[in-house]
Amino acid sequence: MENFTFYSPTLFAFGDGQEKKTGALIRRFGGTRALLISGGGSVRKNGAYGDAAASLQAAGVPFAELDGVQPNPRSGKVREGIALARETGADFLLAVGGGSVIDTAKAVGLGILYDGDFWDFFRGAAPVERTVPVGVVLTIAASGSEGSDSAVITNEELGLKWGMPHSDLIRPRFAVLNPRYTCSLPPYQTACGAVDIIAHVLERYFTNTPDVALTDRLCEALVKTVLDAAPRAMENPGDLAARADLMWSGMLAHNNLCGTGRVQDWASHQIEHELSAFTDCAHGAGLAVVMPAWMEYVMTHDVPRFAQFAVRMLGCEMDFAAPERTAREGIARLRRFFASLGMPASLEELGFRADQIPAAAANRAKKPGGFPFGNFVKIGQPEAAAILRLALRRA
Ligand code: NZQ
Ligand code: ZN
């Protein structure tokens with residue numbers, strides 16, 4: 001195991017009814033005037049927004065509103081939020097929604113106190129030193145942004161989707177996690193969320209760090225829980241037990257507890273972000289295609305680890321004479337699981353064409369330190385293109 005620092009200061013209020021605490025939590029963390037940030041309307045339909053607004057009113061916290069955040073959230077909306085927050089004197093940002101809304105809030109929080117353009121933080125040109133605090137009412141189990149130290153924004157002018165450098169300063173102060181809010185999710189979004197949660201675990205699981213037995217076991221528990229809960233939530237959207245497991249798994253998969261002490265990979269996420277920049281596909285749907293292709297591409301680097309993944313997470317029987325067969329079976333089962341959730345199995349299904357591969361792979365070079373990426377196996381531009389080619393058609 002490697003040395004590590006783990007600082008995860010977010011307060012989590014979990015369960016039905018916890019949303020009533022939202023206003024008081026804003027006050028507890030120093031907010032006196034809030035900006036409520038939301039997406040395209042789902043949270044108004046399922047009651048999450050109204051509940052949050054009522055709680056703020058009860059706690060005497062005045063607020064302004066910024067809605068219309070799109071999935072794969074855009075820089076233009078961040079700039080609109082910064083202007084509105086300055087104009088209304090907001091000293092606390094409440095994100096009501098999923099990863100796109102939360103990441104917008106995180107970026108607005110950085111931008112309010114900064115004289116230049118917020119994108120400077122994303123291109124590594126400005127250090128993260130202070131931010132206006134963010135709170136969350138989560139409505140989809142997926143990104144883990146409710147407890148994470150990062151944010152991902154699409155710069156629509158430049159055609160880039162980038163995560164910003166990690167910083168504990170942008171972790172939300174609190175997150176209200178009411179699984180009931182996720183019952184209104186369409187099956188496709190439930191599935192995208194499940195894939196993203198699994199991917200967050202696997203990005204950490206595939207490591208070259210030795211002696212990581214404890215975090216291996218944490219990762220395995222998380223993936224097995226999602227493999228069990230996601231089909232139940234798909235079949236019965238109102239299954240609160242399944243929704244609760246997914247919601248807490250989503251947080252635990254990405255606040256980095258299960259990544260402590262190990263060098264992590266993240267190649268699949270980097271490739272998926274380029275894909276989303278090109279196709280605007282849902283993050284989880286892109287991962288469902290990219291991650292199995294990445295696995296196939298790197299599997300021979302550490303067959304025993306892939307066989308362990310297959311046996312412990314996917315329930316494969318160990319073939320001691322041919323562990324590679326076990327490893328391949330694990331990848332095949334993961335593919336079948338994603339397909340069973342209705343996820344795409346190829347880039348073609350996402351509307352991505354073979355002739356776009358060179359440009360998507362090259363786009364990454366615009367990012368500071370863009371190549372190579374990934375730590376399990378280093379990925380340069382040719383390798384990124386090779387993984388995209390593997391992902392192009394159904395395996
Ligand atoms: O816009 P509305 O109408 O709210 O609809 C949303 C959106 O269309 C809908 N939705 C959310 N909750 C709902 C609901 N519909 C019905 N009922 C509900 N309860 O779901 C759609 C997707 O929302 P979005 O916020 O985009 O989903 P998600 O949470 O998966 O976030 C994805 C974004 O997070 C980034 C991704 O790249 C992507 O941009 N990520 C952020 C990370 C982080 N900050 O730590 C890490 C992740 O790896 C990821 O990259
Ligand atoms: Zn993700």
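Just follow the structure's listing: the first ligand is 1, and inside any ligand the first atom is 1.
- When ring centroids are compared, Phe122 and Trp119 come within the 6.0 Å threshold.
- Arg232 has no carboxylate O lying under 4.0 Å from a charged side-chain N of Glu235, or vice versa, which leaves the two without a salt bridge.
- Counting atoms of ligand 1 from 1 in the listed order, those under 4.0 Å from a heavy atom of Pro71 are 7 (C), 8 (O), 26 (O).
- Close to ligand 1: Ala151, with a non-hydrogen atom less than 4.0 angstrom away.
- Residue Glu296 comes nearest to Leu390 through the heavy atom pair OE1-CD2, 4.0 Å, listed as atom of the first residue, atom of the second, then distance.
- Of all atoms in ligand 1, numbered sequentially from 1 with element shown, those under 4.0 Å from a heavy atom of His269 are 48 (O).
- Ligand 1 places these atoms under 4.0 Å from at least one heavy atom of Asn46: 18 (C), 19 (N).
- Residue Val43 has no nitrogen or oxygen atom sitting less than 3.5 Å from a nitrogen or oxygen atom of ligand 1, judged on distance alone.
- For ligand 1, the polar-atom distance check finds no N/O of Ala142 at less than 3.5 Å from any of the ligand's N/O atoms.
- In terms of protein heavy-atom proximity, atom 17 (N) of ligand 1 is nearest to Ser184 OG, 2.8 Å.
- Asn375 and Asp265 share no side-chain donor-acceptor pair at under 3.5 Å.
- Using a distance-only test at 3.5 Å, with no hydrogens or angles considered, a donor-acceptor pair links the side chain of Thr182 to the main chain of Pro179.
- For the Zn ion (ligand 2), the count of nearby protein N, O or S atoms, meaning those under 2.8 Å away, is 4.
- No N or O atom of Thr182 sits closer than 3.5 Å to an N or O atom of ligand 1.
- When the heavy-atom distances from atom 33 (C) of ligand 1 to Ser100, Ser42, Gly147 are ranked, the shortest goes to Ser100.
- Closest heavy-atom approach to atom 50 (O) of ligand 1 among the candidates His200, Arg243, His273, Arg74: His273.
- A heavy-atom separation below 4.0 Å is not found between Gly284 and ligand 1.
- Residue Ala48 does not touch ligand 1, judged by heavy-atom distances below 4.0 Å.
- Distances from atom 23 (O) of ligand 1 to the protein include no heavy-atom value under 4.0 Å.
- Salt bridge status for Glu329 with Arg325: absent, with no side-chain N to carboxylate O gap under 4.0 Å.
- Nearest residue to atom 29 (O) of ligand 1 from Gly99, Gly144, Ser276 is Gly99 (criterion: closest heavy atom).
- No hydrogens or angles considered: nothing links the side chains of Asn46 and Arg180 as a donor-acceptor pair under 3.5 Å.
- For an aromatic pair to be called close, the ring centres must be under 6.0 Å apart, and His254 with Trp266 satisfies this.
- One option in Lys106, His283, Lys161, Arg171 has a heavy atom closer to atom 39 (O) of ligand 1 than any other, and that option is Lys161.
- In this structure, atom 35 (C) of ligand 1 lies nearest to the protein heavy atom Asp103 OD2, 3.8 Å.
- Put simply, no part of Gln70 is less than 4.0 Å from ligand 1, judged by heavy atoms.
- Distance from atom 1 (O) of ligand 1 to its nearest protein heavy atom, with residue and atom name: Gly40 N, 2.7 Å.
- Each of the atoms 15 (N), 16 (C) of ligand 1 lies under 4.0 Å from some heavy atom of Pro186.
- Classification of Arg74 and Asp280 as a salt-bridged pair holds, one side-chain N sitting under 4.0 Å from a carboxylate O.
- Given atom 12 (N) of ligand 1, the protein heavy atom at minimum distance is Thr139 OG1, 2.9 Å.
- Between the side chain of Ser55 and the backbone N or O of Lys20 there is at least one donor-acceptor pair closer than 3.5 Å.
- A 4.5 Å side-chain heavy-atom check between His283 and Ser143 finds every atom pair outside the cut-off.
- The aromatic rings of Phe92 and Phe174 sit parallel to each other, their planes meeting at less than 30°, with 60° as the upper class boundary.
- The backbone N or O of Pro172 lies less than 3.5 Å from a partner atom in the side chain of Thr10, making a donor-acceptor pair.
- Residue contacts with ligand 1 include Gly41, since one of its heavy atoms falls under 4.0 Å from the ligand.
- Against a heavy-atom cut-off of under 4.0 Å, Ser148 is close to the following atoms of ligand 1: 43 (C), 44 (N), 45 (O).
- Contact annotation: Pro73 has at least one heavy atom less than 4.0 Å from an atom of ligand 1.
- Listed by chain and number, the hydrophobic cluster partners of Met318 are Val311, Phe320, where partners are ILVMFWY side chains within reach of under 4.5 Å, directly or through others.
- A donor-acceptor contact closer than 3.5 angstrom links the side chains of Ser145 and Lys106.
- Remark: Arg394 engages Glu349 in a salt bridge, criterion side-chain N to carboxylate O under 4.0 Å.
- In this structure, Phe118 has its ring center no closer than 6.0 Å to that of Tyr114.
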